[in-house]
**Q** 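What follows is a single structure, and I will ask about it in a moment.
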Amino acid sequence: MKYIIVGAVAGGASTAARLRRLDEHAEIIIFEKGEYISYANCGLPYYIGNVIKDRNKLFVQTAAAFNQRFNIDVRVQTEVISINPNEKTITARNQINGKTYIETYDKLVLSPGADPIKPPLPGINNEGIFTLRNVADTDYIKSFVQQKNVKKAVVIGAGFIGLEMAENLHELGLNVSIVEMANQVLAPVDYPIAAILQEHIRSKNVNLFLETTVTGFEKSDKGIVVQLKDKKSIEADVVILSIGVRPETRLAKDAGLTIGNAGGIWVNKYLQTSNPDIYAVGDAIEFTNPITGLSMNTYLAGPANKQGRICANNIALGNKHQYNGAVNTAIVKVFDMTVATAGTAAKHLDKCAIKYQLSTTHNGSHAGYYPGAKQMTIQLAFTPTDGKLLGAQIIGYDGVDKRIDVLSSVIQRGSSITELTEFEHAYAPPFSSAKDPINIAAFVAENVLLNKTKLFYWNDINTLPDGSFLLDVRTKEEFEKGAIANAINIPLDELRNNLNKIPQNKTIYIYCAGGLRGYLSERILIQNGLTDVYNLSGGYQLWNACNSEKQMFENKNKVASTAY
């Protein structure tokens, strides 16, 4: 058998290596239009920021080493320019000498990846404006920053790569601005999680321009002028475009393969395209989202590597290994904080008309009496009927990674918050608490599910019904430092002795700092005859973060932004 693989990074390289392990005698050829194979895309920003100092550490394998270990013909700087499915051939061009030639195949695997989006804005091709997608891009950016005495950087786009680049450029001592068209950073997470992160970003003296559109670029004596719609321009020495990527589907389209509704190469559950002898993996494909049932793309290394293994199994052993899709589990470090997500965000569940309930909790990363405990915030979205976990988001300083992995596993298996209430974790004071933050988050979610608590949310505050009673159950000291307008303060520990101050004929909306004292107060009131009682999910802390961000944006819109 002769296998040809187009693309030699995560998905393609994984497919090739697995095929060799399954079939020692097959002829396997990988075509890669770039100069390098199997490199660590996710490490590129950290090499630019000198966190990874040795460039060679970025390479999982070289072409020569891959060939020697796996006996695979690796042809770098060679682009496959067309496919003839009827003849089962590809045409390739050697980019060094320009020669083209034809190769036959028995099975073909497409792993062409995705291309960075580069809109046709005026001046976008000027010197000093870069995208970051491969090693060559990385080398250009690093060299430019070192040689041009760069002082100011603008990152356009506040996704995972954009934020990582902003952090690493900041660590190099640059004055960094982030420009994002949406009203928040990190589109995959919901606004409350993003709001907490935005506060942290600003605390690092990084300029954050949200709901801001870039209209073009101009060269100036000082460098690059980034023009903004309805705002004054920003001056920069270097600009990083991190607007997003789109699946590379040209080869597939030209070969007559089906392109799906999400714009990627359509594949079936065996990662087989519309042509039975052509498979596809990685960033270029689309598949059914296991939560929403809609077609989706994912641009993550983890799914691409797993797809490569499954694809090779199906090619070598017959179509027996199904790919069940991805729940888009992702994590990013942004300065001192970590943000992680798995499953589907509440805002996307809304768009898909999927019913859900939501809860937010705050807990320490480990036992509070052991030094170094840091707060983490966990948001869970789950079905209102059986508590099936649909989405999870976490932001914190420590231990975020291990919690999101547990939650991702529950989402993948279609399991529920009930399982999480009984989740047995490894406990010792340096690592967790007797009740892990996951347990606590699940306890709250289960109380919602069982109607033991009724929640209201940060964005409900301004639309509470007339005649509502807003009750702050924090201490008087906390209340005096800051409170929600029109709230009446009766601390939890004094509540039982002040029940006569709670109106019997009004809806009671309770809040505390994080939610726990509000819940305890809610239970006291309900068991004393009040039934129309709600607790603020995430408490004053979450409301304050979200409200502060909203107010900051509104205030900035009242006056024109100024250049610096």
Side-chain angles (χ1 to χ4, degrees), residues 192-193 195-197 199-200 203 331 333-341 358-380 392-407 410 417 419-448 452-453 455 458 472-483 489-495 510-524 535-546 548:
I193 301 298
I196 296 170
L197 180 60
E199 283 188 328
H200 183 64
S203 76
I331 191 166
K333 173 187 174 294
V334 185
F335 296 104
D336 304 321
M337 298 199 83
T338 302
V339 184
T341 176
L358 201 67
S359 66
T360 303
T361 52
H362 311 288
N363 288 98
S365 55
H366 59 251
Y369 58 82
Y370 187 88
K374 299 290 182 65
Q375 183 176 276
M376 71 170 60
T377 299
I378 300 179
Q379 175 188 286
L380 301 182
Q393 297 171 21
I394 310 178
I395 183 167
Y397 295 87
D398 182 45
V400 171
D401 52 342
K402 69 178 183 178
R403 272 75 181 207
I404 200 65
D405 287 343
V406 172
L407 296 169
V410 171
I417 55 174
E419 175 187 335
L420 291 170
T421 64
E422 301 176 6
F423 168 66
E424 185 176 343
H425 60 289
Y427 162 58
F431 305 104
S432 184
S433 299
K435 296 176 183 177
D436 189 79
I438 284 180
N439 297 136
I440 300 296
F443 293 157
V444 173
E446 185 181 54
N447 283 337
V448 173
K452 298 297 183 184
T453 183
L455 301 179
W458 72 272
D472 184 327
V473 297
R474 298 175 301 158
T475 66
K476 287 181 170 58
E477 291 77 15
E478 289 175 286
F479 182 78
E480 289 170 358
K481 289 179 180 178
N489 178 225
I490 304 176
L492 166 63
D493 293 340
E494 302 174 18
L495 187 60
I510 305 173
Y511 74 88
C512 64
L516 175 58
R517 285 175 290 174
Y519 170 65
L520 297 176
S521 302
E522 179 187 10
R523 297 306 301 164
I524 291 171
N535 184 29
L536 179 60
S537 183
Y540 178 82
Q541 178 182 331
L542 192 67
W543 172 85
N544 191 45
C546 295
S548 297

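All residue numbers in this chain count up from 1 along the given sequence.
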**Q** Decide yes or no for Leu495 and Leu520: does some side-chain heavy atom of the first lie under 4.5 Å from some side-chain heavy atom of the second?
**A** no
**Q** Is any side-chain heavy atom of Asp436 closer than 4.5 Å to a side-chain heavy atom of Tyr427?
**A** no
**Q** How would you list, by chain and number, every residue that makes a salt bridge (charged side-chain N to carboxylate O under 4.0 Å, His left out) with Asp336, sequence neighbours excluded?
**A** Lys204
**Q** List the atom of Ala373, the atom of Ala367, and the distance in Å for their closest heavy-atom pair.
**A** CB-O, 3.8 Å
**Q** Answer whether the closest heavy-atom distance between the side chains of Asn363 and Ile378 falls below 4.5 Å.
**A** no
**Q** Compare all side-chain heavy atoms of Asn489 with those of Glu478 and state whether any distance is below 4.5 angstrom.
**A** no
**Q** List in chain and number order the residues that pass salt bridge (charged side-chain N to carboxylate O under 4.0 Å, His left out) with Lys435, two or more places apart in sequence or in another chain; answer none if no residue qualifies.
**A** none
**Q** Check Met376 against Asp398 and note the closest heavy-atom contact, atom names and distance.
**A** CE-O, 3.1 Å
**Q** Please tell me if the side chains of Leu380 and Leu407 come closer than 4.5 Å, counting only heavy atoms from C-beta onward.
**A** yes
**Q** Please test Lys481 against Arg474 for side chain to side chain contact (heavy atoms under 4.5 Å, CB included), starting from the C-alpha separation and ending with a verdict.
**A** CA-CA 11 Å; Lys481 289 179 180 178; Arg474 298 175 301 158; over 6 Å; no
**Q** Applying side chain to side chain contact (heavy atoms under 4.5 Å, CB included), run through Val410 and Glu419 and close with a yes or a no.
**A** CA-CA 8 Å; Val410 171; Glu419 175 187 335; 3.8 Å; yes
**Q** Would you check if Ser432 and Arg403 make a side-chain contact, meaning some heavy-atom pair closer than 4.5 Å?
**A** yes
**Q** Is the number of heavy atoms from other residues, nucleotides or ligands under 6.0 Å of Tyr370 OH greater than 12?
**A** no
**Q** Counting only heavy atoms not in Phe431, do more than 12 fall under 6.0 Å of its CZ?
**A** no
**Q** Is any side-chain heavy atom of Tyr397 less than 4.5 Å from a side-chain heavy atom of Ser365?
**A** no
**Q** Over all heavy atoms of both residues, which pair between Thr421 and Asn439 is shortest? Give the atoms and the distance, please.
**A** O-ND2, 3.8 Å
**Q** Mind checking whether Tyr540 and Tyr511 have parallel, tilted or perpendicular rings, split at 30° and 60°?
**A** parallel
**Q** Are the side chain of His366 and the backbone of Ala428 linked by a donor-acceptor contact shorter than 3.5 Å?
**A** no
**Q** Would Val406 and Leu420 satisfy side chain to side chain contact (heavy atoms under 4.5 Å, CB included), going step by step from the backbone distance to the final call?
**A** CA-CA 9 Å; Val406 172; Leu420 291 170; 4.2 Å; yes
**Q** What I'd like to find out is whether the side chain of Met337 reaches to under 4.5 Å of the side chain of Ile196, using heavy atoms alone.
**A** yes
**Q** Return yes when atom NZ of Lys374 has more than 12 non-hydrogen atoms of other residues, nucleotides or ligands closer than 6.0 Å, and no otherwise.
**A** no
